[in-house]
Amino acid sequence: MSVLEQLNDKQKEAAMQLEGPVLILAGAGSGKTRVLTNRTAYMIDEAGINPWNILAITFTNKAAQEMRERIDRLVGFGSESIWVATFHSTCVRILRRHIDLLGYDTNFTIYDTDDSKSVMKEVLKRLQIDTKQYPEKRFLNRISNCKNELSSVEDEERDALGDYADEMFAKVYREYQAGLKKNNALDFDDLLVKTVELFTSFPEVLENYQKRFLYIMVDEYQDTNTAQFELIRLLAARNRNICVVGDDDQSIYKFRGANIRNILDFEKVYPNAKVVKLEQNYRSTQTILDAANAVIANNGSRKDKKLWTDKGDGEKIRFISTDTAYEEAERIVDFICADKRAGKCDYRDNAVLYRTNAQSRLLEEKCIMAGIPYSVVGGVNFYSRREIKDILAYLKTIDNGRDDLAVRRIINVPKRGIGATTISKIADHAAASGLSFYDCCVKAEEILGHGKAAEKIAEFVDLISVLKSKVEYITLEQLIDDILERTDYEAMLEESDPDDAQERIENIGELVNKAVAFEEQNDEPTLSQFLEEVALVADIDNVDENADKVMLMTLHSAKGLEFPNVYLAGMEDGLFPGYMSICSDDPEEIEEERRLCYVGITRAMEKLTISAAGSRMIRGETTRNPVSRFVKEIPQELLLGMPSSMKQKPQIQPQQRPTVQPVKPVVAKAKPFAYLTKGSQMGSTSAPDYGPGDRVQHMKFGQGTVLSVEKGARDYEVSVDFDNAGVKKMFAGFAKLKKL
DNA sequence: CGTACTAGTCTTTTT
DNA sequence: GACTAGTACG
């Protein structure tokens, strides 16, 4: 049977067009992933295309992994040689091979936003720019925008045309880039910029990749920025077999440079493009689709689409309005509890979506009180937590001492009596000599003279070199344990803040879990590779949908996901849409928020509940907001529980700030769960649903029999005798074993 | 050199 | 309200 049999006519049409440019306009829930995977399977299975020649770009690592698994299931072989990756990891892979052509070392490090900020701070200090008047963030944002638009330092210098502020910016931009280069580092945006630069400056390298990637596919095309557009254009220029999939109504990343014109103008750039619209929705009820269609219809420039389904009307949309955000959270949690008790759903069937991360807190508290297992996606990124960054800085220093920021981060953490004066002496010497900070530490005695300071530095250098010498012989897990032991890191945590120590230690345990999983999944794992993988993960990549937990996340994180029951919380003008967009004179801003609302509504498969609170704390201030205009855009007859009073409430006019009146806090219970921090995962060590003797399935090792399940310090440790791979020990949380 | 306190910012979303 | 960076002091 052909792999295309599972597709409807439109989907089939899109999947069969392998040659030339193809634009698939795929409405929410229209089976776009299925089209992409079956199209790829069709290429390999029936068109005889070598998987090696296929490039598929996705938005998140999770999507990439999922796509590969699904293709695997369809064709059973060859899927591992398809290049499926995100834009960023694709670029890293290419740059690791060729970036020496641009004067960087191929073992460059990737800087996250915190690292970029440190570099910027140093630059501004050196240029004596007052950060009160010009905050780092502003420069960083502008630099990011430039990079997204592929505007180089030279371009900015040329365009400054004597304008004081612009010239200053160009100078900062230049110095910032120099700072990165000195540390042999690239920031997120550079990954794309440098790859494009590589391709334009070295056509023979580009040609190499053009000859390899004969067929290119890009998912979530509506969220590509100019740099990404250019990268794809270059790669596809020779063969023109480019297939992009997206939905202009779901373009929600303008703030990070996404250019909706990339999808709207696709046919102008590729005039002979075949365009296929997928409008049949397989996810939601007609009621939900009607609501989504009605809301999005208020947007101006969009490709006309109308989602439909043969699923039937289903339940009405439930609208809840409460006095306070506190009550709102309570109502939502009550609904979930009731459904669960009635046996209508599992916890994992429910997701609560909100506009801002801060909203998760109340919901978390209520979940804890009700004893509901939940999982918060996002918030403070796991890899930007202090303890994790410290350990990673050790690993980076061990891996390659060229990352000055990493070395400086840990040179006195835990405290070893190396102070600011010593550090700045070494830093000055490094700057003057052009050597790296770590290299200067190695010859500290030369710089500082014989003394206590030099001795302390020598101790640090010894520590690093001992660990360095071990890297090749021990596992990552052992290396991290070794670091912890030799530095007495956990003791330091206990001492400095006993309240959070437990959680921080658990986080480190989680990092060890990830290291173990990494070593399991790679044939020849290296420290550099691990650090690289870790630099490019998104929060959503770590979501485990097998765990039976209610999901709490922002609307942005929810893109691409679906849940039987969806709760849209905080539907209030001023929060969603946020004031920024309400007050802006750019109508595009509100439209972007509306698209976000559309994304939220269309996540729901069966039941949608939207809620609004009359007042809530925002930034320590109690604010009152009217019900969101988006709620009013949903036809009345689809809603259940719409209070008539709401209809008269005036809408906020543009240019007018929403009323912010201090209101006495209605609830006295300030913070019943002070130990709770965002991102904490409840029950991450819950017992697996299999036991000794059960047959299980592992992603890589195939089927096997469970020998034992033991509760370890961090997670359950499972021993499995695999039919083809022998006995393996692994952590339950990461092995993702499926009971058969 | 290390600590404790203060002031200021943040909150729109993230690879 | 929470977190961070910067500063003053021991």
Side-chain angles (χ1 to χ4, degrees), chain A residues 57-64 85-92 110-114 116-118 121 131-132 135-137 141 144 147-148 186-192 220 223-225 227-228 251-258 353-362 377-381 383-386 412-423 452-453 456 495-497 500 535-541 553-559 570 574-582 584 589 592-593 595-596 599-600 616-623 665 670-671 674 676-678:
Chain A
I57 298 213
T58 57
F59 209 61
T60 63
N61 296 300
K62 187 168 185 263
T86 62
F87 271 106
H88 291 269
S89 42
T90 297
C91 290
V92 173
I110 301 163
Y111 273 3
D112 64 18
T113 28
D114 276 354
S116 303
K117 207 166 147 195
S118 307
K121 251 186 202 153
T131 50
K132 293 257 153 50
E136 304 103 67
K137 262 195 77 182
N141 272 334
S144 181
K147 289 181 177 177
N148 287 334
L186 301 184
D187 66 19
F188 282 133
D189 303 316
D190 276 340
L191 296 174
L192 291 156
E220 306 284 10
D223 284 322
T224 52
N225 62 33
Q228 292 165 334
S251 170
I252 55 174
Y253 282 103
K254 187 177 172 211
F255 71 93
R256 72 173 198 216
L353 311 182
Y354 37 78
R355 182 66 236 269
T356 67
N357 276 308
Q359 290 169 256
S360 70
R361 193 204 235 90
L362 281 176
V377 180
V380 179
N381 186 301
Y383 292 99
S384 53
R385 286 158 210 251
R386 189 165 70 230
N412 199 32
V413 175
K415 307 239 150 41
R416 25 178 101 79
I418 300 171
T421 17
T422 313
I423 292 174
K452 222 165 114 195
K456 302 268 191 202
E495 210 174 308
S496 59
D497 54 348
D500 297 345
L536 295 176
V537 295
D539 291 308
I540 196 76
D541 293 335
M553 67 182 93
T554 62
L555 289 151
H556 282 89
S557 295
K559 191 169 79 156
L575 185 63
F576 185 34
Y579 340 101
M580 291 306 224
S581 57
I582 295 174
S584 166
E589 300 253 321
E592 173 118 340
E593 296 273 310
R595 289 193 290 268
L596 196 52
V599 168
R616 73 171 65 234
M617 286 277 251
I618 296 174
R619 277 196 266 160
E621 253 183 329
T622 304
T623 56
K671 41 173 188 173
L676 218 196
T677 49
K678 44 214 140 317

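Naming convention: chains lettered A, B, ... in sequence-line order (proteins, then strands); numbering from 1 in each chain. What you see is a predicted model; the values in this text were computed from it and never measured.
Between A:Arg361 and the phosphate of C:dA2, there is a side-chain N or O to OP1/OP2 separation shorter than 4.0 Å.
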Interface polar pairs with nucleotides 13-15 of chain B, N/O, under 3.5 angstrom:
{"unit_1": "B:dT13", "atom_1": "OP1", "unit_2": "A:Asn357", "atom_2": "N", "d": "3.1"}
{"unit_1": "B:dT13", "atom_1": "O2", "unit_2": "A:Arg355", "atom_2": "NH2", "d": "2.7"}
{"unit_1": "B:dT14", "atom_1": "OP1", "unit_2": "A:Thr554", "atom_2": "OG1", "d": "3.4"}
{"unit_1": "B:dT14", "atom_1": "OP1", "unit_2": "A:Ser557", "atom_2": "OG", "d": "3.4"}
{"unit_1": "B:dT14", "atom_1": "O4'", "unit_2": "A:Arg256", "atom_2": "NH1", "d": "3.3"}
{"unit_1": "B:dT15", "atom_1": "O2", "unit_2": "A:His88", "atom_2": "NE2", "d": "3.2"}

At a cut-off of 3.5 Å, list every protein nitrogen or oxygen paired with a nitrogen or oxygen from nucleotides 3-9 of chain B, distance to 0.1 Å.
{"unit_1": "B:dT3", "atom_1": "OP2", "unit_2": "A:Lys415", "atom_2": "NZ", "d": "3.4"}

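Between the P atom of B:dC1 and the NZ atom of A:Lys452 lies a distance of 9 Å, rounded to the nearest Å. In this structure, NZ of A:Lys456 is placed 13 Å from C1' of B:dG2, rounded to the nearest angstrom. When rounded to the nearest whole Å, the span between CD1 of A:Ile582 and P of B:dT12 equals 11 Å. Atom-to-atom, CG of A:Asp114 to C1' of C:dA5 comes out at 12 Å; the value is rounded to the nearest Å. In this structure, A:Arg386 places its CZ atom 16 Å from P of C:dA2, rounding to the nearest Å. If you take CZ of A:Arg616 and P of B:dT11, they are 17 Å apart, rounded to a whole angstrom.
Residues A:Ile252 and A:Lys559 come closest through the heavy atom pair CD1-CD, 3.9 Å. Residues A:Ile418 and A:Lys456 come closest through the heavy atom pair CG1-CB, 3.8 Å. Minimum interatomic distance between A:Asp187 and A:Ser116 (heavy atoms only, all atoms of both residues): CB-OG, 3.8 Å. The minimum heavy-atom distance between A:Thr86 and A:Ile57, with the atom names listed, is C-CG2, 4.1 Å. Annotation for A:Leu555 and A:Gly600: closest pair CD2-CA, 3.6 Å, computed over non-hydrogen atoms.
The residue among A:Ile418 and A:Met580 whose nearest nucleotide of DNA chain B is located toward the 5' end is A:Ile418.
Annotation: B:dT11 and B:dT15 have their P atoms spaced 16 Å apart (nearest Å).
Between the side chain of A:Tyr111 and the backbone N or O of A:Phe188, no donor-acceptor pair lies under 3.5 Å.
Nucleic acid contact class of A:Lys137 (heavy atoms, under 4.0 Å, all strands): sugar-phosphate only. Residue contacts shown for A:Asn412 are limited to sugar-phosphate atoms, with no base heavy atom under 4.0 Å away.
For A:Ala64, the side-chain contact (heavy atoms from CB on, under 4.5 Å) partners two or more places apart in sequence, or in a different chain, are A:Thr58, A:Val84.
The aromatic rings of A:Phe59 and A:Tyr253 sit tilted relative to each other, their planes meeting at an angle between 30° and 60°.
Closest contact between the side chain of A:Lys121 and the listed nucleotides C:dG6, B:dC1, B:dT12 involves C:dG6.
Here the CG atom belonging to A:Leu575 is positioned 8.5 Å from the CZ atom belonging to A:Arg355, to the nearest 0.5 angstrom.
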